[in-house]
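Atoms within a ligand are numbered from 1 in the order they appear, just like the ligands themselves. Numbers here are sequence positions counted from 1.
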Amino acid sequence: MRYGETGFNLEIDLSRGNIERVETDPKLTELHLGGLGTNTKILWDRVPPETDPFSPDIPLIFSTGLLGGTPAPGANRTIITAYSPQTLLMGYSMMGGFWAPELKHAGYDKVIFRGKSPSLIYIWIHNDKVEIRDASHLKSKGAVETQELIRQELNEPNAQVAAIGLAGENRVYTASIEQGRSSASRLGLGAVMGDKGIKAVAVRGTKDINLARPAEYIELCNDVLKYIKFRNENPVPNVMTILQGLGSPQEMLHVDEAWHTQNFMWGNARTRRKDFWNKQIEERWKDVQETVRTRLISCYNCPMKCGAIISVPGLSTYMMKCFSKLTYTMAAFVDDLDFGFRIAQRATEYGVDGFSTPQIMAFAFELKEAGILTDADFEGCPSDNEGKFYWLLDRIVRREGIGDILADGIHWAAQKIGKGADAYAHNNIKKHEQLPLKLGMLNPVYFLMYATGEKINITQIEGQFPQSPFATMEEREEFISDWIQCPDEKFKQIVLDWEFRGERSNPYYPTVDMSVDIVDWQEKMHYIDDALGVCAGLSSFPLKPPYHMHNYPHFVSAATGIDMDEAGLTQVYNRNRNLLRAVNVRRGLRRADEVPPEDHWKKRFPELEAQLLDAYYKFKGWNNDGIPTKETLQALDLGYVAEDLEQRGIIKNVKD
Ligand code: SF4
């Protein structure tokens, strides 16, 4: 009997129309847990590194996490992986909602798609019955609309449906996969899904999930629920509102946007409006938000209600959460929040990433202002800011005219446009658009997370360590007094000593070694969440969450029967981290790629940045080019990876 997981994957060959239920190797669960860990292993094993992201050989994997669908609150993430057409590296994106728990209850841990369908299809998974169905009647339909149409067609109101819109069908590199209460938006996995000819994957499951020690597990879950209640009633003091609680930033609840509108850049990541926010705007935005927000909603088995159903008069309803509330508004320089809610409805139906897409459009208009793109490229484009953005969004998702070039994202568009266009790519790392947060002084911890994060986007790589110092010693002492999540006393001392100014302030404090330690802790929590399928909003992302390094091993043990402790979990994290790095190293990732945007901080320190990277690589057991050494890989049971890298000459002549 398998516990926590089902022990079976669905393998669907779209070229042949073949469907198989395949038993998985429990040893791999011990080595990698599940979710991101086992997805990475499959990608390593099955795909030669030279494979194109749109090759039929690329497996597109929809995975549950090891704890997904169990009673653990927030264990609902669907981890989707392939190669990203945008970065050409491994792309992984996560969505909440209900899809993964439904799949687990249908009796599968993952669905692995290979090949390409010759025509547009959707998949219907209903426990043991799995069908490939014609989707020609759904062509060009919206991603949200498609979900409802499929539920009606199947007469299954409880089916969970993950779908793409027109952007995915047209292989737009920022195409998302939308699912009721969430979406997997980053790194263009919707384009890979569209390339395979999959319009949607619908699932309904009614089977049980076995737990190794159910009574103990339920007790652990109850402790988590108690902590969530406590934290909701006792917000973390002395930090900004969005960091005080749990969940993904509660953007649908809060209307105080002083911090985002004044600190994030407007337009094409180049203009700060320090005096934007005022009482009148706050009143106006509050009114708009409360009018269109019909109710707050949660993902499967979570009390946090991070998302909202948005209903703009005259438009069909959709789900929104987090910072996408502001991304279009700020990129288009429109002062009305109402515009953001309206255009996001169209963008959600098209199925595009709400972080990258507005920036791509702002980039295009900056190129036009600079004379690099011309009036001919924008023939028929309205002159007002709102109209311009709607016009260009339509062209991008349809790949019409200049929209066809922009549909590949800022990096690739700049290469095609030439004429110095790449100087206007203000905000990319590893060919991917970041949040337009530009700061004054280099922050060493954030420098490392931005530069080296394999997830590649800034959201959800930060975590349980404060983002900035506390003003007074009383505040610092108060913060550490109930910091049960802290894995080591040394982090408490850093919080006590960290100042806004002087020797113990950014960029030289936290010191290089401390910064590496902090980043390792944050990364560890994210990698564990992504393998277990637990929402980062209850674990790696907030300052004081209910899941942490001290209770996670108990969850793994009670759910699966695997004997797990903190050292064991750290070993799994290191294994998964290094395997993912090796996948990307085999795809060509090197130190030269690990560079945050040039103007990301006003004050840069090249020497310090080099020291930070050196120390981080050393800590990880990587060489100076960011490549894991043979010894590191062998110590993590990844000897086969070392052999492969050696055969390819990647680690042959490298000294440790
Ligand atoms: S914390 Fe928020 S985003 Fe996470 S599972 Fe709960 S409702 Fe969903």
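- Within the structure, side-chain hydrogen bond (donor to acceptor under 3.5 Å, both in side chains) contacts touching residues 202-213 (residues at least two apart or in different chains) are E102-R204, N127-T206, D128-K207, R213-E216.
- Partner of K41 under the side-chain contact (heavy atoms from CB on, under 4.5 Å) criterion, out of L579, L36, L580: L579 alone.
- Legend: protein N/O/S atoms lying under 2.8 Å from atom 8 (Fe) of ligand 1, waters omitted, number 1.
- For CD of E475, the number of neighbouring non-hydrogen atoms (other residues, nucleotides, ligands) closer than 6.0 Å is greater than 12.
- Heavy-atom contacts from other residues, nucleotides or ligands closer than 6.0 Å to NZ of K141 number 12 or fewer.
- Aromatic rings from Y328 and F339 are positioned such that their centres are separated by 6.0 Å or more.
- Cation-pi geometry between K544 and F479 is met: under 6.0 angstrom from the ring centre, within 45 degrees of the axis.
- Panel note: side chain R231, backbone N234; a donor-acceptor pair is recorded below 3.5 Å.
- Near R77, the atoms of ligand 1 lying under 4.0 angstrom from a non-hydrogen atom of the residue are 3 (S), 4 (Fe), 5 (S), 8 (Fe).
- For M94, no heavy-atom contact with ligand 1 is shorter than 4.0 Å.
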